[in-house]
Structures are given as structure tokens and as C-alpha cells.
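Every value quoted in this text rests on a predicted model; they were computed, and no experiment measured them.
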Amino acid sequence: MEEENLLEAFWAVTRRLRVHTRIALEPWHVSPSQSRALGVLSRHGEMRLSALADHLHIAPRSATEVIDDLQKRGLAVRKPDPSDRRATLVALTPEGVSTMQAINEARAAEGERLFAGLDPADRADLTRILRQLRDAR
């Protein structure tokens with residue numbers, strides 16, 4: 001049997017993480033894209049839809065659809081931009097803030113389960129390596 005190469009191992013871990021993340025999000029009935037939008041709004045505060053789309057690396061129309069869904073669920077709200085009457089800002093509602101906090105806790109617990117088999121030195125090495133890959137241009 002052929003040995004798994006680095007890229008295949010990386011993708012296998014990524015798939016596992018995606019599956020476990022989807023499972024972790026089930027109690028809130030939030031899709032991964034909705035979770036990402038909640039996270040951006042939680043970290044950066046209210047912003048224009050175009051800025052949200054930039055943060056998420058998606059088309060503005062897709063960001064509109066994500067916010068439409070979050071707004072229907074009472075997790076996000078649109079409001080006029082006080083500096084430009086033509087523009088709209090999006091922000092989390094109090095329910096959106098509490099939902100994001102609960103999701104963060106569930107994701108952190110899932111991450112702990114995923115990395116529990118690594119000793120502290122290996123975790124530190126993996127963190128350093130992943131940050132290096134993330135920041136490489």
C-alpha cells in the first residue's frame with residue numbers, strides 16, 4: 001500500500017475538521033457560511049455588505065443572501081449608514097452575539113477534541129507551521 005503524502009494527509013484532516021464543524025453547528029441550524037459571517041461581524045462590528053463580502057471572499061450578492069438568512073432568524077440586522085444615506089450597514093443583534101458566543105465555545109471544544117492526541121510541543125509546532133503557511137505569499 002502506498003504511503004499517504006503530506007498533501008493527502010492535510011486534506012484528510014481538513015475534511016475531518018469540516019465534518020466535525022458542521023456537526024458542531026447543527027444545534028444552531030447555522031450553515032458554515034452563516035457562521036463565518038457571524039464571526040466577521042462579531043470580530044469587526046457593524047460594516048457595509050461590501051466589506052463583509054470582502055472579508056468572506058465572496059461576491060456581494062452572496063453576502064446579501066447570507067445576511068438575508070441571518071436577518072430572518074433574528075441574528076443580524078440592517079441599518080442605515082449614518083455617513084452615507086445610500087449605504088446600509090449590517091450588525092449582529094443581541095441574539096446574534098449570544099449565538100456566536102455559543103458557536104465559538106462549541107468550535108473550541110471540537111478543536112480540543114481534534115487536537116487532544118497531540119502533546120503540547122507538537123501542538124505548538126503545528127500552530128507555528130500553520131501560521132507560517134497561512135502567512136506565506
Is the shortest distance from a Lys or Arg side-chain nitrogen in [X] or [Y] to a carboxylate oxygen in the other one below 4.0 Å?
| X | Y | value |
| --- | --- | --- |
| Arg107 | Glu110 | no |
| Arg73 | Glu95 | no |
| Arg123 | Glu112 | yes |

Spacing of [X] atom [atom1] and [Y] atom [atom2] [to the nearest 0.5 Å]:
| X | Y | atom1 | atom2 | value |
| --- | --- | --- | --- | --- |
| Ile67 | Gln34 | CD1 | CD | 9.0 Å |
| Thr88 | Arg78 | OG1 | CZ | 7.5 Å |
| Ser31 | Arg36 | OG | CZ | 9.5 Å |
| Leu92 | Glu46 | CG | CD | 10.5 Å |
| Leu38 | Arg43 | CG | CZ | 10.5 Å |
| Asn104 | Ser35 | CG | OG | 7.5 Å |

Side-chain heavy atoms under 4.5 angstrom apart, residues restricted to Ile, Leu, Val, Met, Phe, Trp, Tyr: same cluster for [X] and [Y]?
| X | Y | value |
| --- | --- | --- |
| Val66 | Val40 | yes |
| Met100 | Trp28 | yes |
| Leu25 | Ile58 | yes |
| Leu130 | Phe115 | yes |

Problem set entry | Of all pairs that satisfy salt bridge (charged side-chain N to carboxylate O under 4.0 Å, His left out), the ones with a partner from residues 15-25, not counting sequence neighbours |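 Listed by first then second residue: nothing to list.
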Exercise. Can you tell me if CD1 on Ile129 sees more than 12 non-hydrogen neighbours from other groups inside 6.0 Å?
Worked result: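 Check passes, neighbour count above 12.
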Problem set entry | Residue Phe10 excluded, over 12 heavy atoms near CZ under 6.0 Å |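 Not buried by this count: 12 neighbours or fewer within 6.0 Å.
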Problem set entry | Shortest non-hydrogen separation from Asn5 to Leu7 and the atoms involved |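 Minimum heavy-atom contact is OD1-N, 3.0 Å.
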Exercise. Is the side chain of Thr21 donor-acceptor paired with the backbone N or O of Leu17 at a distance under 3.5 Å, no angle test?
Worked result: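 Between the backbone of Leu17 and the side chain of Thr21 there is a qualifying donor-acceptor contact (under 3.5 Å).
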Name the atoms and distances for all side-chain donor-acceptor pairs under 3.5 Å in residues 47-54, with sequence neighbours left out.
from, atom 1, to, atom 2, distance (Å)
Arg48, NE, Asp81, OD2, 2.9
Arg48, NH2, Asp81, OD2, 2.9

Exercise. So do Leu126 and Leu118 actually touch side chain to side chain, heavy atoms under 4.5 Å?
Worked result: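 SC-SC contact between Leu118 and Leu126 confirmed.
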